[in-house]
Structure formats: structure tokens, C-alpha cells
Amino acid sequence: MTNPGDDPTAALERRSFLRSAFLSGGAMMAGVPILGCAASPPARPSSAPANQPARSSPAAKPILLAYFSRAGENYHYGGRRNLKVANTEVLTQMISRRIDCDVHRIEPADPYPDDYEETVARNVREQDADARPAIAGPLPTIDRYDTVLLASPIWNVRAPMIMTTFTESLSFRGKTVFPLTTYAMSGLGTTERDYAASCPGATIAEGLAVRGEEVSSAQAEVDAWLRRAGLR
């Protein structure tokens, strides 16, 4: 994972970077496997937190914020830390308190392990196989949305493969898609290119990448991005 607390991909990023040109665009840190920021606690509802401050959004139609996040053991400043709420979920909650949006959590049919190294190894296998991990539960109906925010950690320089499962399963034609990531080294990774390929007919707008270790204090960064994006 990609972020400091949410991150089985940080290690992945590290290993694949060293292995080959398979990875395209992340800075390398000497010998430290890094997973991207990832998941959140298992049984979370796929809706925004209940007690939220007043939010505003100029969008004519509702906004959908769809996210994947993995809690458990994650990369953190070169070490490991156990997260009950993973970095991507923290970012999702922060945004959902600031704008009017519907929130959908993407859950894997086969949950990722709590162990960091095991998740790193699984992610490498899925990337190498160009896999499409199955999603648990029904997919949302997105016809009513003009704007979709796709949030995930960055694992090994890209979003986890389950995000491609999600985007390829729905039609984003005519919609505006904003990539959101939490990361350890690679920022947005290849999300803009990947979503452009898996969301044909969509407009891929300016994304937001937040370092996992710093996500809990990223309010000013999030607010500035929301204003630039015209979402607030």
C-alpha cells in the first residue's frame, strides 16, 4: 500500500521498483519495501459518517465518492504500524464531511490479509497477472452522478487491481472522474492513465494525492484541492 498507515503496497512499490521497469514513476527509497496506502476496517457501512458538519457543493447532480481502503499492518515512515482505520478511509471521511456526496465502499470478495508482507506479495501476483479481484456485494448504480471521486491507496505505483475491477464494471462515459490516493512514495502513481483507459468517454480531472503518514493533518490540502476542483 502506499501510505504510512494504510499501506501494504508500500512494500510492493519498493520491490517492483527494484525489480524492473515494470514500475513507472515513483521515487525509490534505499532498500525499503513500500506498500501503498490502503484499506479500511472490515465492516464499515458504505455511506458517509453520520454526524457530519454542514457541507456544500455546487454540482448540479449528486457526487459519488467510491473508495477502497485496507486496515491492519501498514507501512509507516520505513516501519510498520497497525491501523484500525486505514489512510484512504481517513481521507474519504475528511472529504465526505466537506462536500455533499454519496459514499460507496469497495469491498473485496477475498479480503486482503492484515499482514503487510502477505498483502504485498498478493498485490504483486495480481499486478503481474493483470488480475481483476472480485468485489463483494452489488455495485452502485452511477447513472445519476455526473462526478465520481475514486479513492484508493497506491500499491506498487498504481491503484490496487480491484479499482480496475470496479471501473471496468461500470460505464463512466460523460462523467468527470477525480482520482484520489494515499501513498508512501508515488503520489497519484499511474491512476490518471489507468482510469483514462478503464473509463472510456470520461473526463479525468485533477487528482489529489496525500502522503499516508500525513493524512490526518491534511485538511488544508484537501480544502485547497476541493476549491481548485470546483467541488466546494
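Basis for what follows: all heavy atoms, side chains included, without hydrogens, waters or symmetry-related copies. In this chain, residues are counted from 1 in sequence order.
- From Arg125, atom CZ reaches atom CG of Asp128 across 10.0 Å, with rounding to the nearest 0.5 Å.
- Leu188 and Ile106 are assigned to two separate hydrophobic clusters, defined by single-linkage of ILVMFWY side chains at heavy-atom distances under 4.5 Å.
- Listed by chain and number, the residues in a side-chain contact (heavy atoms from CB on, under 4.5 Å) with Asp194 are Arg158, Thr190 (sequence neighbours excluded).
- With sequence neighbours excluded, no residue forms a side-chain hydrogen bond (donor to acceptor under 3.5 Å, both in side chains) with Thr176.
- The shortest heavy-atom contact between Ser152 and Met163 is CB-CG, 3.7 Å.
- Applying the salt bridge (charged side-chain N to carboxylate O under 4.0 Å, His left out) test to every pair with at least one member in residues 166-186, sequence neighbours left out, gives these pairs: Arg132-Glu168.
- No side-chain heavy atom of Pro108 sits less than 4.5 Å from a side-chain heavy atom of Pro133.
- You'll find the side chain of Pro179 reaches within 4.5 Å of the side chain of Ile204, heavy atoms only.
- Scanning all heavy atoms of the two residues, the minimum distance from Pro62 to Asp102 falls at CB-OD2, 4.3 Å.
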Exercise. Side chain to side chain contact (heavy atoms under 4.5 Å, CB included) between Asp130 and Met161: does it pass, once the steps are laid out?
Worked result: CA-CA 8 Å; Asp130 194 26; Met161 299 305 295; 3.5 Å; yes

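- Arg211 CZ to Glu221 CD: the interatomic distance, rounded to the nearest 0.5 Å, is 10.0 Å.
- In this structure, Val177 and Thr203 have side chains that are not in contact, with every pair of non-hydrogen atoms separated by 4.5 Å or more.
- Closest approach of Thr88 to Ala151, counting heavy atoms only: CG2-C, 3.9 Å.
- A 4.5 Å side-chain heavy-atom check between Ile99 and Ile63 finds at least one atom pair inside the cut-off.
- Judged as a side-chain contact (heavy atoms from CB on, under 4.5 Å), and not counting sequence neighbours, Ala197 has no contacts.
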Problem set entry | CA sep, side-chain torsions, deciding dist, call: Phe166, Leu150, side chain to side chain contact (heavy atoms under 4.5 Å, CB included) | CA-CA 10 Å; Phe166 182 81; Leu150 296 176; 3.9 Å; yes

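- Counting all heavy atoms, side chain and backbone alike, Leu91 lies closest to Thr181 at CD2-O, 4.0 Å.
- Inter-residue side-chain proximity for Ile135 and Ile162 is flagged as met; some heavy-atom pair is nearer than 4.5 Å.
- The heavy-atom pair separating Ser96 from Val103 by the smallest distance is CB-CG2, 3.9 Å.
- If you take CG on Leu180 and CG on Leu149, they are separated by 4.5 Å, rounding to the nearest 0.5 Å.
- Here the CZ atom belonging to Phe68 is positioned 10.5 Å from the OG1 atom belonging to Thr165, to the nearest 0.5 angstrom.
- The side-chain contact (heavy atoms from CB on, under 4.5 Å) test applied to Ser216 returns no partner, not counting sequence neighbours.
- Between Met94 and Val210, every side-chain heavy-atom pair lies at or beyond the 4.5 Å cut-off.
- Listed by chain and residue number, Arg227, Arg228 satisfy the side-chain contact (heavy atoms from CB on, under 4.5 Å) test with Ala224 (two or more places apart in sequence, or in another chain).
- Using a 4.5 Å cut-off on side-chain heavy atoms (C-beta onward), Phe172 and Ser198 make no contact.
- Contacts of Glu126 classified as side-chain hydrogen bond (donor to acceptor under 3.5 Å, both in side chains), with partners at least two apart in sequence or in another chain: Tyr112, Arg122.
- Not counting sequence neighbours, Glu118 has no partner by the salt bridge (charged side-chain N to carboxylate O under 4.0 Å, His left out) test.
- Atom OG of Ser186 and atom CG of Asn156 lie 8.0 Å apart (nearest 0.5 Å).
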For this session: Go through His76 and Arg80 one step at a time and tell me if the side chain to side chain contact (heavy atoms under 4.5 Å, CB included) criterion holds.
Result: CA-CA 5 Å; His76 186 77; Arg80 306 288 183 269; over 6 Å; no

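- In plain terms, the two heavy atoms of Leu170 and Pro140 that are nearest each other are CD2-O, 3.6 Å.
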For this session: May I have the step-by-step check of side chain to side chain contact (heavy atoms under 4.5 Å, CB included) for Thr119 and Asp114, ending in yes or no?
Result: CA-CA 7 Å; Thr119 298; Asp114 284 342; over 6 Å; no

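- Residue pairs satisfying the ring-ring contact (aromatic ring centres under 6.0 Å, His included) criterion with at least one member in residues 193-232, sequence neighbours excluded, are listed as follows: Phe178-Trp225.
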For this session: Start with the C-alpha distance between Glu73 and Asn82, add both sets of side-chain angles, then the distance that settles side chain to side chain donor-acceptor pair (under 3.5 Å), and finish with yes or no.
Result: CA-CA 4 Å; Glu73 187 181 37; Asn82 274 296; 5.6 Å; no

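- Looking only at side-chain heavy atoms (C-beta outward), His104 and Leu65 stay at 4.5 Å or farther from each other.
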